[in-house]
Amino acid sequence: TRDAFGDLRINFDEFQSALREAAKLRYPEAENADRAYEALVRIYVLPHASKTPMKPQPDLDDLLSRNAMNEIRTREKALKRVYAHYATLNMYSSTTEKITWRTIEKLNATLNEDEFVTWLV
């Protein structure tokens, strides 16, 4: 975005520029950058596009602000421990191996909606 320490939002021009760069990488055989971009949008973007306009989400905007990200980073270790606990509640282990973030990544442990809400509370 604007600078290395800006917010985590991107505007449409930045999004389009990133897509154009991705298209060049995805379709190096394309006759030109415009054809590559068209293919990327047609195959990967449009099938997943919402048919209804998105409504502004102020809470999400606040969550993506630089201040919020800095707060999350200062508590990253604790948040990972809490997430690991809730993401492995339904797992049983025959060992006494401690659940670490590496374990979570290796297992690709995720939360369902109910577990996520519990984690948030």
Side-chain angles (χ1 to χ4, degrees):
T1 60
R2 289 180 293 268
D3 56 56
F5 300 104
D7 59 34
L8 298 181
R9 298 174 198 91
I10 62 171
N11 63 34
F12 183 74
D13 292 336
E14 293 167 328
F15 176 72
Q16 190 175 30
S17 176
L19 280 182
R20 286 188 176 281
E21 291 302 315
K24 288 181 205 173
L25 296 172
R26 178 64 180 91
Y27 299 107
E29 73 283 357
E31 62 186 64
N32 61 44
D34 288 336
R35 292 277 187 204
Y37 178 70
E38 289 169 13
L40 184 83
V41 169
R42 183 174 25 82
I43 295 168
Y44 293 101
V45 177
L46 291 179
H48 304 286
S50 174
K51 291 179 180 25
T52 58
M54 292 183 65
K55 296 176 185 166
Q57 298 180 349
D59 293 340
L60 183 58
D61 287 343
D62 290 344
L63 183 61
L64 295 176
S65 71
R66 176 56 50 201
N67 288 339
M69 288 293 112
N70 288 340
E71 287 296 321
I72 289 170
R73 282 193 184 96
T74 61
R75 293 164 177 79
E76 182 176 9
K77 191 173 181 179
L79 287 170
K80 283 182 174 180
R81 280 197 321 265
V82 173
Y83 180 91
H85 170 77
Y86 283 100
T88 57
L89 280 177
N90 64 345
M91 295 181 189
Y92 300 98
S93 175
S94 59
T95 70
T96 57
E97 179 182 343
K98 182 179 178 184
I99 300 291
T100 64
W101 191 250
R102 183 165 290 173
T103 307
I104 296 300
E105 288 176 329
K106 186 170 80 175
L107 296 172
N108 194 25
T110 58
L111 301 175
N112 64 34
E113 287 180 28
D114 294 333
E115 292 166 334
F116 182 70
V117 169
T118 303
W119 179 65
L120 289 176
V121 173

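The basis for the numbers below is simple: all heavy atoms, side chains too, and nothing from hydrogens, waters or symmetry mates.
Taking CG of N67 as the reference point, atom CD1 of I72 lies at 11.0 Å (rounded to 0.5 Å). Expressed to the nearest 0.5 Å, how far CE of M69 lies from CD of E76 amounts to 11.0 Å. Rounding to the nearest 0.5 Å gives a distance of 12.5 Å between NZ of K24 and CG of L19.
Identified under the salt bridge (charged side-chain N to carboxylate O under 4.0 Å, His left out) test for residues 39-53, with sequence neighbours left out: none.
A22 and L40 make their closest contact through CB-CD2, 4.4 Å (heavy atoms, listed as atom of the first residue, atom of the second, distance).
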For residues 25-33, which side-chain N or O atoms pair as donor and acceptor with protein atoms under 3.5 Å away, sequence neighbours left out?
from, atom 1, to, atom 2, distance (Å)
R26, NE, Y44, OH, 3.4
R26, NH2, Y44, OH, 3.1
N32, OD1, D34, N, 3.0
N32, OD1, R35, N, 2.8

